[in-house]
Amino acid sequence: MDVMRHSSAFLLDGPPPSPTSYALVVLNQSLPSFTPLVWNRAAQLRLCADGGSNRLFDEMPRLLADEDENDVRNRYKPDVIKGDMDSIRAEVLEFYSNLVNKPFCPCIVILSIISVYIRSHDALPFRIPLPTSGTKIVDESHDQDTTDLHKCIAFIRDSTPDLDKSNLCILIAGALGGRFDHEVGNINVLFRFSTMRIILLSDDCLIYLLPKTHHHEIHIQTSVEGPHCGLVPIGTPSRSTTTTGLQWNLTEMEMKFGGLISTSNIVKGEKVTVQSDSDLLWTISIKKL
């Protein structure tokens, strides 16, 4: 069976890990303190799920309190806002819809004129790009059968057909905390898109799926995560799970709700391995960054 390797290196300072590419989805819960860091990691695509745009608008300036509030809002602009649009405030929607990536300057006007001339006269075999427009707004209020996070993950999957999904990791900021049914809905998305790497993030911990189709190596970044961790079977019991690298390892152990589940375990080194006949959730604490 193939080995799937996992790492939280995206939480480290310095150059982004290679060859992994990152996308980011911001949900409508308090932003983790490390959101500016993961925002800069997520060069592929940055989305807000409906009310997540309110959080970005309100809370990112607080996380970067030493910087000018307007500069922060202009710099941290989502590529897409997607959802049923029942939570986003009107002034936030207007702000991001009208925002452009670049501030106004006379050279933009000149480039725009040149670009129009080139396109109309076919004078040169290339096109000078115009300034980037505001955030793309995708209203899916007609779809009440999926969550806003589900809609955002589907958008990332469908809008990046040429991207190697095995090297794509989607980070979900604000995925935990608040209403329990929202958290369960977010966890369900991990199972609905089990072939994609998706990590749920809060200030306190992260969660991702370990599919039963692979053996797993989890490389622990001890400076930013741990030591507390857990392995949780959801949906179906695990008849046999075996681990290494934990204080209380499992050896062909059965896990199920109503029986044993591995919570409040502790990582003992820099690598944990997991083999199971069932999909499991892996969770580990995040240190205050």
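Here the CG-OG1 distance, from Leu280 to Thr236, works out to 8.5 Å after rounding to the nearest 0.5 Å. Separating the CD1 atom in Ile218 from the CZ atom in Arg5 is a distance of 12.5 Å, to the nearest 0.5 Å. Ser194 OG to Leu209 CG: the interatomic distance, rounded to the nearest 0.5 Å, is 6.5 Å. Ile81 contributes atom CD1, which lies 14.0 Å from atom CZ of Arg46 (distance to the nearest 0.5 angstrom). To the nearest 0.5 Å, atoms CD1 (Ile286) and OG (Ser33) are separated by 9.0 Å. Leu27 contributes atom CG, which lies 7.5 Å from atom SG of Cys152 (distance to the nearest 0.5 angstrom).
Under the 6.0 Å cut-off for aromatic ring centres, His6 and His216 qualify, their centroids lying closer than that.
Closest of all the heavy-atom pairs between Arg55 and Asn28 is NE-OD1, 3.0 Å. The two residues Gly174 and Pro32 make their nearest non-hydrogen contact at N-CD, 3.8 Å. In this structure, Gly226 and Lys287 approach most closely via the heavy-atom pair O-CE, 3.3 Å. Nearest heavy atoms, Tyr76 versus Pro36: OH-CB, 4.0 Å. Closest heavy-atom contact between Ala175 and Asn186: O-ND2, 2.8 Å. When every heavy atom of Arg41 is checked against every heavy atom of Tyr22, the shortest pair comes out as O-CB, 3.7 Å.
There is a path of hydrophobic side-chain contacts, each under 4.5 Å, that joins Leu64 to Phe95. Under the 4.5 Å side-chain heavy-atom criterion for ILVMFWY residues, no single connected hydrophobic cluster contains both Met4 and Val274. Hydrophobic clustering, with ILVMFWY side chains joined whenever heavy atoms are under 4.5 angstrom apart, keeps Trp248 apart from Ile261. Cluster annotation: Leu24 is connected to Leu12 through the hydrophobic network of ILVMFWY side chains, with a link wherever side-chain heavy atoms come within less than 4.5 Å. Note on Ile266: it does not cluster hydrophobically with Val224, by side-chain heavy-atom contacts below 4.5 Å among ILVMFWY residues.
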* To do: Under the side chain to side chain contact (heavy atoms under 4.5 Å, CB included) rule, what do Trp39 and Leu63 come out as? Steps first, then yes or no, please.
  => CA-CA 12 Å; Trp39 181 280; Leu63 297 177; over 6 Å; no
* **Full working for side chain to side chain contact (heavy atoms under 4.5 Å, CB included) between Thr283 and Cys229** => CA-CA 5 Å; Thr283 182; Cys229 64; 5.8 Å; no
* Evaluate the side chain to side chain contact (heavy atoms under 4.5 Å, CB included) criterion for residues Leu210 and Leu231: first the C-alpha distance (whole Å), next the side-chain angles of each, then the deciding distance (0.1 Å), finally the verdict. => CA-CA 9 Å; Leu210 303 180; Leu231 284 166; 3.7 Å; yes
* Dump the intermediate steps for side chain to side chain contact (heavy atoms under 4.5 Å, CB included) on Glu67 and Arg75, then the final yes or no. => CA-CA 11 Å; Glu67 301 184 32; Arg75 190 163 76 251; 2.5 Å; yes
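Ser202 and Asp204 form no side-chain donor-acceptor contact under 3.5 Å, judged by distance and modelled atom types alone. In this structure, a donor-acceptor pair under 3.5 Å is absent between the side chains of Asn167 and Thr20.
A side chain to side chain donor-acceptor pair (under 3.5 Å) with Asn249 holds for exactly one of Thr243, Thr273, Thr244; it is Thr243. Put simply, the residue from Ile153, Leu149, Ile198 that forms a side-chain contact (heavy atoms from CB on, under 4.5 Å) with Leu190 is Ile198.
A 4.5 Å side-chain heavy-atom check between Met255 and Ser262 finds at least one atom pair inside the cut-off. In this structure, the side chains of Lys82 and Val25 stay at 4.5 Å or more apart for every pair of heavy atoms. Residues Trp282 and Ile199 have side chains not in contact (no heavy-atom distance under 4.5 Å, counting atoms from C-beta outward). Annotation: side chain of Thr241 is not in contact with side chain of Ser278 (no heavy-atom distance under 4.5 Å). Two residues are said to be in side-chain contact when any heavy atoms from C-beta on lie closer than 4.5 Å; Met196 and Arg157 meet this criterion. In this structure, the side chains of Tyr208 and Leu200 stay at 4.5 Å or more apart for every pair of heavy atoms. Within the 4.5 Å cutoff, no side-chain heavy atoms of Tyr96 are placed close to those of Ile88. Put simply, the side chain of Asp79 does not reach to within 4.5 Å of the side chain of Leu47, judged on heavy atoms.
One N or O on the side chain of Asp279 and one on the backbone of Lys212 form a donor-acceptor pair closer than 3.5 Å. The backbone N or O of Pro78 lies less than 3.5 Å from a partner atom in the side chain of Thr135, making a donor-acceptor pair. Side-chain atoms of Lys151 come within 3.5 Å of backbone atoms of Asp143 as a donor-acceptor pair (strictly under, hydrogens ignored). Here the side chain of Asp277 pairs a donor or acceptor atom with the backbone of Arg239 at under 3.5 angstrom. In this structure, the side chain of Asp50 engages the main chain of Ser87 through a donor-acceptor pair within 3.5 Å. Counting only distance, with no hydrogens or angles, the side chain of Asp84 and the backbone of Glu140 share no donor-acceptor pair below 3.5 Å. In this structure a side-chain-to-backbone donor-acceptor pair under 3.5 Å is missing from Gln29 to Leu176. Proximity of a side-chain donor or acceptor of Asn74 to a complementary backbone N or O of Asn70 within less than 3.5 Å is detected. A donor-acceptor pair under 3.5 Å is formed between the side chain of Glu225 and the backbone N or O of Gln221. A donor-acceptor contact shorter than 3.5 Å is absent between the side chain of Glu217 and the backbone of Lys271.
Annotation: Gln247, atom CD; neighbour count of heavy atoms from other residues, nucleotides and ligands within 6.0 Å is above 12. Atom CG of Asp86 has more than 12 neighbouring heavy atoms from other residues, nucleotides or ligands inside a 6.0 Å radius.
Judged by the 6.0 Å and 45° rule, Arg73 forms a cation-pi pair with Phe57.
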